[in-house]
Amino acid sequence: MTEVKIGSNEMFETALKRFNRKIQQDGILAEARRREHYEKPSIKRKRKEAARQRKAARRS
């Protein structure tokens, strides 16, 4: 669970920006988008294979 404590003199907008940054770093938003719709196992395998190939191409 991501949590951001707000200081007594801190503006809401600043705290919101910190919260959004923390969510991005933790990968929570990406995970929520990924789980939004069901993904068939065959599609999941193809996506993982494509990611593996992209990673291998970057190393070369």
Side-chain angles (χ1 to χ4, degrees):
M1 181 105 170
T2 302
E3 188 175 301
V4 174
K5 303 246 187 220
I6 301 176
S8 59
N9 294 335
E10 186 176 17
M11 295 179 64
F12 174 75
E13 289 79 15
T14 309
L16 185 61
K17 283 182 184 179
R18 272 194 308 126
F19 177 74
N20 284 334
R21 224 177 348 211
K22 192 165 181 112
I23 292 263
Q24 286 290 332
Q25 288 172 349
D26 293 346
I28 294 172
L29 201 57
E31 181 72 17
R33 283 194 186 117
R34 189 178 68 75
R35 291 177 182 233
E36 191 172 7
H37 301 289
Y38 177 74
E39 187 175 35
K40 292 179 6 182
S42 61
I43 302 293
K44 192 181 289 189
R45 277 194 305 273
K46 287 179 184 177
R47 183 177 49 79
K48 285 186 177 182
E49 179 61 32
R52 198 172 18 252
Q53 287 177 356
R54 280 194 308 271
K55 192 173 183 180
R58 260 189 282 148
R59 289 183 183 169
S60 299

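If you take CZ on F19 and CD on Q24, they are separated by 11.0 Å, rounding to the nearest 0.5 Å. Distance check: L16 CG to I23 CD1 gives 10.0 Å after rounding to the nearest 0.5 Å. With rounding to the nearest 0.5 angstrom, the CZ atom of R18 is 11.0 Å from the NZ atom of K5.
Scanning both residues, V4 and A15, for their nearest heavy atoms gives CG1-O, 4.1 Å. The two residues E10 and I6 have their closest heavy-atom pair at OE1-CA, 3.5 Å.
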Pair up each side-chain donor or acceptor in residues 26-33 with any protein partner under 3.5 Å, not counting sequence neighbours, and list the distances.
from : atom 1 : to  : atom 2 : distance (Å)
D26  : OD2    : T2  : OG1    : 3.2
E31  : OE2    : R34 : NH2    : 2.8
E31  : OE2    : R35 : NE     : 2.5
E31  : OE2    : R35 : NH2    : 3.0

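Side-chain contact between R52 and K55 is absent, with no heavy atoms from C-beta onward closer than 4.5 Å.
Judged as a side chain to side chain contact (heavy atoms under 4.5 Å, CB included), and not counting sequence neighbours, the contacts of K48 are K44.
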